[in-house]
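A quick note: this is a predicted structure, and the numbers were derived from the prediction, not measured.
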Amino acid sequence: MDGSLQPEDVLELEEKPPQDLRSVLVTSVLNLEPLDKDLYRGSHHWVPSTQRLFGGQIVGQALVAAASSVSEQEHVHSLHCYFVRAGDPKVPVLYQVERTRDGRSFSVRSVKAVQHGVPILTCQASFHCSQESPLQHQFTMPTVPPPEELLTREELIYKYLKDPSLVEKHRLGLNKILAQDVPIEIKPINPPDMFHRLPQEPRQMFWVRAKGLLGPGDMRLHCCVAAYISDYSFLGTALLPHLQLRMKFMASLDHSMWFHAPFRADEWMLYECESHWAGNSRGLVHGRLWRRDGVLAVTCAQEGVFRVKQDPPNSKL
């Protein structure tokens, strides 16, 4: 289709730095293989410690597939996804795109991610041709230290590991996190104390960006990368008031995003996350991605399921 973003085009950016500087999010994690019209296959998976497929990757790949079927004048303004089954990291994911509607200003695409013949995710994405309007407003970006003054998540972990009083189970857990090789850079602001398990406000902020270079490129590519980034550490915000509890299971149920302004996903953005409610084994989280110049770029929302480990009852014998 003329002027459309094809999955293989994620490698065709305006700037072409050396291969070792390119973001792995472009070269493999979000790269799709076209099989037929509106049918794609994703074979490269980043697998977290849960050994399930990372939801942000499936959302990002679904958006790559959806964006391949619209004109270059249309940009995603919202997406709404449901995670219906756990993904299997051992097999590829097929993405089936349905061209639900093509209008003069808006187009809608429905995407189904399939493994073993059944859906693991359903996604609807809406695309919009930019239209100027005098109706504009936004919240004010929180005042926080710049990323240059903060440590990365990895640097914080190395700092914790140097503490001779760190108990062995925490040491093992931190080393396991370091071994995951996450394709995202994160600099927490006031990182929570995860070791003493004291309840905290359900709010966290951190600077985030993709590792490596994406280049200016197509804005749709940066939206796909932001979809991947937005799911990382997002749901854990709802756990901060409940760190004294032991979790048996947690998983995302859905994920929604609204794109407001242009941005680059390989430049630092402030991710502001809040959880206003949790109950009935579920928790709801809202997030805002801010550009460094104070412009609100993306709004996110996600609900997840939480299963708490129950302590065995005390014996009365």
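Gln61 and Tyr95 share a donor-acceptor pair across their side chains, judged by distance under 3.5 Å alone. At a cut-off of 3.5 Å, with distance as the only test, no side-chain donor of Thr299 or His286 sits close to an acceptor on the other residue. A donor-acceptor pair shorter than 3.5 Å can be found between the side chains of Asp231 and Gln302.
One distance of note links NE2 of His260 with CD of Gln136; it measures 12.5 Å at 0.5 Å rounding. Here Lys112 contributes atom NZ and Ile120 contributes atom CD1; the two are 12.5 Å apart, rounded to the nearest 0.5 Å. Taking CE of Met250 as the start and OG of Ser281 as the end, the distance is 13.0 Å to the nearest 0.5 Å. One distance of note links CZ of Arg203 with CD1 of Ile189; it measures 9.5 Å at 0.5 Å rounding.
If you run ring-ring contact (aromatic ring centres under 6.0 Å, His included) between Tyr271 and each of Trp207, Phe234, Phe263, Tyr232, only Phe234 comes through.
Between Glu148 and Arg292 a salt bridge is recorded (basic side-chain N to carboxylate O distance below 4.0 Å). With respect to Glu267 and Arg209, no salt bridge is recorded, no charged nitrogen being found less than 4.0 Å from a carboxylate O. A salt bridge between Arg109 and Asp102 is present, with a side-chain N of the basic residue lying under 4.0 Å from a carboxylate O of the acidic one.
Taking the six-membered ring where the residue is Trp, the centroids of His80 and Trp258 are separated by under 6.0 Å.
Between Leu214 and Asp266, the shortest heavy-atom distance links the atoms N-OD2, 2.8 Å. Residue Met141 comes nearest to Gly294 through the heavy atom pair SD-CA, 3.5 Å, listed as atom of the first residue, atom of the second, then distance.
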Apply side chain to side chain donor-acceptor pair (under 3.5 Å) to the pair Gln131 and His128, showing each step before the final yes or no.
CA-CA 8 Å; Gln131 296 175 301; His128 182 216; 2.7 Å; yes
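Between the side chain of Asp88 and the main chain of Lys90, a donor-acceptor pair closer than 3.5 Å is present. Within the 3.5 Å criterion, the main-chain N or O of Leu135 finds a donor-acceptor partner in the side chain of Ser133.
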